[in-house]
Enquirer: 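Take a look at this one; I'll ask things after.
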Amino acid sequence: MNDAHVWLAAWFAERGPDIGLADDENFFEAEAIDSFSVIELIEDAEQQFRIRFAELDFQDRRFGSIRGLAEIIAEKKANAAL
């Protein structure tokens, strides 16, 4: 589990502790996030990890789960360090 994974799990827990979202569960399908909160999630993650999401990131199938989004964030951080 990387720091992005921990941060994302906490982000979702703060907004809906009764949801019980699994790491691989699609947070859109679980209705754990709506169109307004996805914008907040993107902005918060970009600020927290000093990254910028590209349009292609939103089309990545991994984007819809905590585990997948954590992978995308980790990749962006690694690429920024190069």
Enquirer: Is any side-chain heavy atom of Asp3 less than 4.5 Å from a side-chain heavy atom of Lys77?
Expert: yes
Enquirer: Do Arg62 and Leu69 have side-chain heavy atoms sitting under 4.5 Å apart?
Expert: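 A side-chain contact is absent here, since even the closest heavy-atom pair is not under 4.5 Å.
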Enquirer: For residues Phe53 and Ile72, report the shortest heavy-atom separation together with the two atoms involved.
Expert: CE2-CG2, 4.1 Å
Enquirer: Taking all heavy atoms of Arg67 and all of Asp24, pick out the closest pair and write down the distance.
Expert: NE-OD1, 2.6 Å
Enquirer: Between side-chain atoms of residues 27-35 and protein atoms elsewhere (two or more places apart, or another chain), which donor-acceptor pairs fall under 3.5 Å?
Expert:
unit_1 : atom_1 : unit_2 : atom_2 : d
Asp34  : OD1    : Phe36  : N      : 3.1
Asp34  : OD1    : Ser37  : N      : 2.8
Asp34  : OD1    : Ser37  : OG     : 2.6

Enquirer: Please check if the side chain of Glu25 supplies one atom and the backbone of Ala22 the other of a donor-acceptor pair under 3.5 Å.
Expert: yes
Enquirer: If you compare all heavy atoms of Asp57 against all heavy atoms of Arg52, which two are closest, and at what distance to 0.1 Å?
Expert: OD2-O, 4.3 Å
Enquirer: Is Asn2 close to Ile73 at the side-chain level, that is, under 4.5 Å between some pair of heavy atoms?
Expert: no
Enquirer: Can you find a pair of side-chain heavy atoms, one from Phe58 and one from Leu56, that are under 4.5 Å apart?
Expert: no
Enquirer: Under the rule for side chain to side chain contact (heavy atoms under 4.5 Å, CB included), what residues qualify as partners of Ile39, not counting sequence neighbours?
Expert: Glu43
Enquirer: Could you tell me whether Lys76 and Glu71 have a side-chain N and a carboxylate O separated by less than 4.0 Å?
Expert: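 Salt bridge absent between Lys76 and Glu71.
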Enquirer: Would you give the length of the straight line joining atom CZ of Arg61 to atom CG of Asn26, rounded to the nearest 0.5 angstrom?
Expert: 10.0 Å
Enquirer: Check whether any side-chain heavy atom of Phe63 lies under 4.5 Å from a side-chain heavy atom of Val38, and answer yes or no.
Expert: yes
Enquirer: I'd like to know if the side chain of Arg15 and the backbone of Trp11 have a donor-acceptor N/O pair within less than 3.5 Å.
Expert: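 Confirmed, Arg15 side chain pairs with Trp11 backbone.
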